[in-house]
Amino acid sequence: MPTRTKRKPAAIHPDLESVLYTEAQIKKRVRSIAQELKATYGDGEFTIVSLINGAIMFTADLMREIDNPVRLDCIRISSYGEKTKSVGTPQVVASLTLDILNRHVLIVDDILDTGKTLQLVAGLVRKLNPASLRSCVLLDKVGRREVDFEADFVGFKIPDKFVIGYGLDFAERYRNLPCIGVLNPARAK
Ligand code: 5GP
Ligand code: MG
């Protein structure tokens with residue numbers, strides 16, 4: 001029998017201070033969020049409104065865990081620029097293309113921080129008279145809310161740290177990291 005060699009733990013990316021969630025932990029949680037969605041929507045159809053670019057990985061993985069008929073639309077919101085704190089008022093850069101009148105709508109975003117982005121998008125969607133409106137975020141920085149908005153489905157509650165990976169960027173980089181981690185402050189320059 002060949003001797004089993006222990007696999008080395010994957011090296012942490014040098015620009016990360018720490019890893020909050022590994023690829024495996026994210027996958028497991030995404031799968032359980034899909035079950036929560038199933039419990040809410042049953043077998044019915046719903047329309048996902050994904051906030052790009054940040055929610056791109058989460059949306060793609062979540063959709064593959066869902067066997068309901070789903071439609072997908074994306075909204076692009078102006079981003080932070082190259083900073084690590086929410087500043088100013090978010091603006092819609094590219095809006096919906098699908099008709100959502102009388103449709104069940106689920107807004108999907110990467111992270112809920114001050115709440116301004118989701119409040120803006122929820123307001124915009126609500127004006128179009130959907131049959132129902134819910135929201136789902138992978139991460140929630142609970143202590144940071146500046147407006148009254150809570151998501152219906154939350155993956156992980158996290159502390160007030162600037163996180164990157166799994167779709168989340170710093171200056172448009174790191175979206176491709178398979179894990180979610182805290183950006184090394186020395187890199188946030
Ligand atoms: P809010 O409008 O709730 O303050 O911010 C939401 C948006 O800010 C998210 O969709 C995300 O794009 C960005 N954001 C908030 N916190 C973080 C973070 O820790 N890391 C990254 N990369 N983006 C964040
Ligand atoms: Mg975003």
Side-chain angles (χ1 to χ4, degrees), residues 3-37 48-66 72 74-88 90-91 93-94 106-118 121 135-146 149-151 153-189:
T3 44
R4 284 222 308 220
T5 46
K6 263 201 186 150
R7 228 204 272 164
K8 273 197 206 153
I12 176 169
H13 190 286
D15 295 351
L16 288 178
E17 182 185 80
S18 62
V19 172
L20 278 187
Y21 301 104
T22 63
E23 187 176 3
Q25 287 170 323
I26 298 169
K27 196 177 174 69
K28 196 169 161 208
R29 187 67 189 110
V30 168
R31 209 166 261 171
S32 66
I33 297 170
Q35 284 164 5
E36 292 173 30
L37 293 174
I48 291 176
V49 170
S50 174
L51 273 54
I52 53 172
N53 292 330
I56 200 158
M57 304 277 180
F58 178 41
T59 305
D61 286 346
L62 186 63
M63 284 183 78
R64 279 177 286 190
E65 297 292 341
I66 295 169
L72 173 67
C74 297
I75 293 187
R76 183 182 291 274
I77 305 290
S78 58
S79 78
Y80 276 18
E82 304 212 343
K83 303 195 180 66
T84 57
K85 285 280 175 207
S86 281
V87 279
Q91 310 278 334
V93 179
L106 179 70
I107 302 171
V108 175
D109 202 6
D110 50 2
I111 184 166
L112 181 53
D113 185 22
T114 64
K116 289 181 190 169
T117 302
L118 277 176
V121 174
S135 57
C136 174
V137 294
L138 181 62
L139 305 172
D140 183 355
K141 283 187 192 170
V142 260
R144 288 261 310 153
R145 215 70 87 247
E146 287 177 22
F149 188 96
E150 296 306 327
F153 304 92
V154 173
F156 302 106
K157 293 185 173 173
I158 64 163
D160 181 15
K161 297 267 187 181
F162 191 78
V163 293
I164 52 170
Y166 196 68
L168 291 140
D169 73 310
F170 171 65
E172 291 306 323
R173 287 191 216 97
Y174 310 108
R175 293 193 197 274
N176 56 325
L177 298 186
C179 65
I180 293 168
V182 178
L183 178 66
N184 184 339
R187 288 282 164 186
K189 298 273 160 67

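Owing to the predicted nature of the structure, the values given are computational and were not obtained by experimental measurement.
Side-chain contact between C136 and L62 is present, with at least one heavy-atom pair separated by less than 4.5 Å. Between L37 and E65 the shortest side-chain heavy-atom distance does not fall below 4.5 Å. No side-chain heavy atom of D109 sits less than 4.5 Å from a side-chain heavy atom of S135. Looking only at side-chain heavy atoms (C-beta outward), N53 and E172 come within less than 4.5 Å of each other.
Within the model, atoms NZ of K161 and CG of L183 stand 11.0 Å from one another, a figure rounded to the nearest 0.5 Å. Separating the CG atom in L20 from the CZ atom in F156 is a distance of 9.5 Å, to the nearest 0.5 Å. Here CG of D113 is found 9.0 Å from CG of D140. Values are rounded to the nearest 0.5 Å. Summarising the geometry, atom CZ belonging to R145 is positioned 9.0 Å from atom CG belonging to L118; distances are rounded to the nearest 0.5 Å. Between the CD1 atom in I75 and the OG1 atom in T117 there is a gap of 11.0 Å [rounded to 0.5 Å]. The line from NZ of K28 to CD1 of I33 is 13.0 Å long, rounded to the nearest 0.5 Å.
Nearest heavy atoms, P185 versus E17: CD-OE2, 3.2 Å. The nearest pair of heavy atoms linking V19 to L16 is CG2-CD1, 4.1 Å. Across V137 and F58, no two heavy atoms sit closer than the pair C-CE2, 3.8 Å. Across every non-hydrogen atom of F170 and A188, the tightest pair is CZ-CA, 3.6 Å. Closest heavy-atom contact between I180 and G165: CG1-O, 4.1 Å. Taking every heavy atom of both residues into account, R187 and D15 meet most closely at NE-OD1, 2.8 Å.
Only one option out of L112, L138, I111 pairs with I158 in a side-chain contact (heavy atoms from CB on, under 4.5 Å); it is I111.
Open room surrounds CD on E23; 12 or fewer heavy atoms of other groups in view lie less than 6.0 Å from it.
Using cut-offs of 30° and 60° for the angle between ring planes, the Y174 and H13 rings count as perpendicular.
Judged by distance alone, with hydrogens and angles left aside, the side-chain atoms of R175 form no donor-acceptor pair with the main-chain N or O of Y166 at under 3.5 Å. In this structure, the side chain of R29 engages the main chain of V154 through a donor-acceptor pair within 3.5 Å.
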